Amino acid sequence: MFVHLGMNTFTDREWGEGTEDPALFDPQGLDAHQWARTAREAGFGTIVLTAKHHDGFCLWPSDTTGHTVAASPWRGGAGDVVREAADACAAEGVRLGVYCSPWDRNAPSYGSGRAYDDLYLAQLTELLTGYGDIAEVWFDGAVGETARGRQAYDWTRIFGTVRQLQPEAVIFSDAGPDVRWVGNEDGAAGATCWSSIDPARVPTPGRSDPWTLDSLRHGDPEGSVWRPAETDVSIRPGWFWHPDEQPLDGAALLELYLTSVGRNSKLLLNVPPNRDGRLEDADLAALHAFAALREEVLGSDLLAGSTIEADGHTLTITPPAPVRTNLITVREDVEEGQHIAAFRLQVDAGAGWQPLASGTTIGHLRALQIPPTTVHRLRLLLDLAYGPARVTHLGAHLDRRGEHRRRADSHD
Ligand code: FUL
């Protein structure tokens with residue numbers, strides 16, 4: 001779960017200028033336990049907090065600048081949002097990740113090269129040494145122009161510092177090195193999504209030409225590095241909380257799940273706290289509905305108890321009794337790489353084999369939405385693989401979201 005909180009929460013903006021008065025930051029009811037509890041209840045493993053966004057305001061009392069929570073009225077200037085988030089995550093059994101924007105519109109040294117690199121590394125060091133285990137470090141590739149020029153971030157030093165201080169942390173940036181951006185903020189990985197990628201295609205974070213974005217979305221079966229895609233998307237139109245915006249509902253969140261996790265990606269869903277520092281009731285309701293729907297639709301497999309036959313590159317599955325389904329899930333063992341490159345599904349709905357769906361990649365999970373179908377037998381045919389193909393799961397589910405919506409409409 002991504003948590004965007006900062007100066008923008010109070011100024012109704014998405015990108016601050018860096019000149020905002022710290023006196024504006026005062027989330028009086030800030031309740032990190034509510035964030036962490038909600039994350040746990042809704043099934044998230046990690047919270048990634050915006051410790052510093054592009055406006056440069058630090059949510060922890062950094063020694064590197066005066067532009068921090070220490071200069072705000074919040075908790076009498078003695079507060080530390082990162083500390084409260086770390087404590088709450090530890091109490092709830094959720095991991096903590098940090099977002100610390102390299103682009104800093106407040107730092108006077110930004111654009112000067114080495115002096116800014118040193119400041120940024122000092123900030124990262126505070127975050128990576130003061131708050132226990134950090135599970136993910138999220139690097140935004142945004143670069144701003146200044147009168148002094150364009151800051152060229154020293155990624156070698158930045159990534160090296162994370163490796164040294166938090167060797168287990170997953171490093172996210174457009175270009176990895178551990179997980180890569182999926183190339184859009186719409187909640188959709190490519191229908192073809194390889195966990196491997198050619199590092200030469202996306203050498204550094206912050207490149208937004210269509211060619212790069214396309215490479216990020218799809219990955220590359222012959223890519224030399226394992227760098228799975230992470231799909232970041234917000235529950236609301238903006239990343240930060242705005243008074244006039246509303247969250248997506250549980251059904252829409254399940255759709256995001258199917259087009260991200262269900263396409264071999266990770267999902268990083270942003271849920272922004274309001275000016276009181278709390279997630280709103282509407283967001284909580286949406287997240288709980290999302291979790292309940294995931295359980296209802298994906299929590300069980302209608303093909304459990306089936307007979308399975310494997311013959312060469314074909315897997316045939318016969319349930320004890322015909323099953324009604326509109327969603328098929330497939331999993332591939334990716335322990336030794338992602339290999340499956342083309343597959344077809346066929347169904348016997350009582351009158352012989354018919355084509356049902358086809359696709360390219362599978363990876364850790366592939367969810368295929370299909371027209372409602374009665375399955376007497378289901379067949380998976382693997383047509384192309386770059387290495388040994390190991391299917392570990394073929395499941396069927398009934399997604400009743402459409403029916404729920406139709407019933408709700410008829411009550412109006
Ligand atoms: C982008 C930023 O510019 C947005 O404000 C947001 O933080 C998003 C997650 O990343 O690059």
Side-chain angles (χ1 to χ4, degrees), residues 1-20 25 35 39 44 46-60 81-82 85 96-107 110-111 120 123-124 127 135-146 150-151 153 155 158 170-176 178-189 202 204-210 212-213 216-217 229-242 245 247-248 253 256 260 265-274 279 283:
M1 188 166 102
F2 224 167
V3 174
H4 273 68
L5 171 75
M7 202 50 95
N8 297 330
T9 312
F10 296 86
T11 56
D12 203 10
R13 298 188 64 157
E14 279 291 307
W15 284 4
E17 304 281 348
T19 49
E20 293 79 13
F25 186 84
W35 314 344
F44 295 83
T46 304
I47 283 182
V48 179
L49 172 68
T50 53
K52 183 187 85 168
H53 204 251
H54 307 328
D55 54 63
F57 183 72
C58 299
L59 297 191
W60 79 104
V81 184
V82 182
L96 178 69
V98 288
Y99 168 119
C100 184
S101 170
W103 183 24
D104 188 323
R105 303 177 93 178
N106 176 268
Y110 187 87
Y120 184 68
Q123 293 182 339
L124 259 189
L127 290 170
E136 181 161 344
V137 189
W138 213 93
F139 291 107
D140 193 307
V143 184
E145 296 284 348
T146 72
R150 211 174 144 80
Q151 179 79 27
Y153 307 127
W155 291 113
I158 293 170
V170 168
I171 303 180
F172 169 101
S173 85
D174 302 4
D178 298 331
V179 289
R180 72 175 197 265
W181 186 38
V182 77
N184 68 75
E185 294 173 341
D186 309 329
V202 192
T204 50
R207 288 168 44 139
S208 55
D209 55 286
T212 300
L213 298 183
L216 290 169
R217 189 172 165 83
E230 182 175 291
T231 302
D232 61 316
V233 59
S234 187
I235 195 170
R236 287 166 175 252
W239 292 102
F240 288 88
W241 180 89
H242 300 284
E245 294 185 352
L248 296 172
L253 294 176
L256 292 184
S260 56
S265 169
K266 293 173 68 181
L267 172 60
L268 181 63
L269 178 68
N270 178 64
V271 191
N274 62 16
L279 307 180
D283 302 64

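On a predicted model such as this, the values are computed, not experimentally measured, just so you know. Every number for a ligand or one of its atoms is a count from 1 in the order of the listing.
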Answer with yes or no whether Trp15 contacts ligand 1, where contact means a heavy atom under 4.0 Å from a ligand atom.
yes
Of all the heavy atoms in Phe2, does at least one lie under 4.0 Å from an atom in ligand 1?
yes
Look at atom 3 (O) of ligand 1 and say which protein heavy atom is nearest, naming residue and atom and giving the distance to 0.1 Å.
His54 NE2, 2.8 Å
To check your reading of the model: name the closest protein heavy atom to atom 1 (C) of ligand 1, its residue, and the distance in Å.
Asp140 OD2, 3.0 Å
Compute whether any side-chain donor of one residue and acceptor of the other, for Tyr99 and Asp140, lie under 3.5 angstrom apart.
yes
Counting each atom of ligand 1 from 1 as listed, which ones have a heavy atom of [X] under 4.0 Å away?
| X | answer |
| --- | --- |
| His4 | 6 (C), 7 (O), 9 (C) |
| Asp232 | 9 (C) |
| Tyr99 | 7 (O) |
| Glu185 | 1 (C), 8 (C), 10 (O) |

Side-chain ion pair, Asp174 and Arg207, N-O less than 4.0 Å:
no
Ligand 1 N/O within reach of Trp138 N/O, cut-off under 3.5 Å:
no
Is there a side-chain contact between Trp138 and Leu268 (heavy atoms, below 4.5 Å)?
yes
Is there side-chain contact between Trp35 and Leu5, with at least one heavy-atom pair below 4.5 Å?
yes
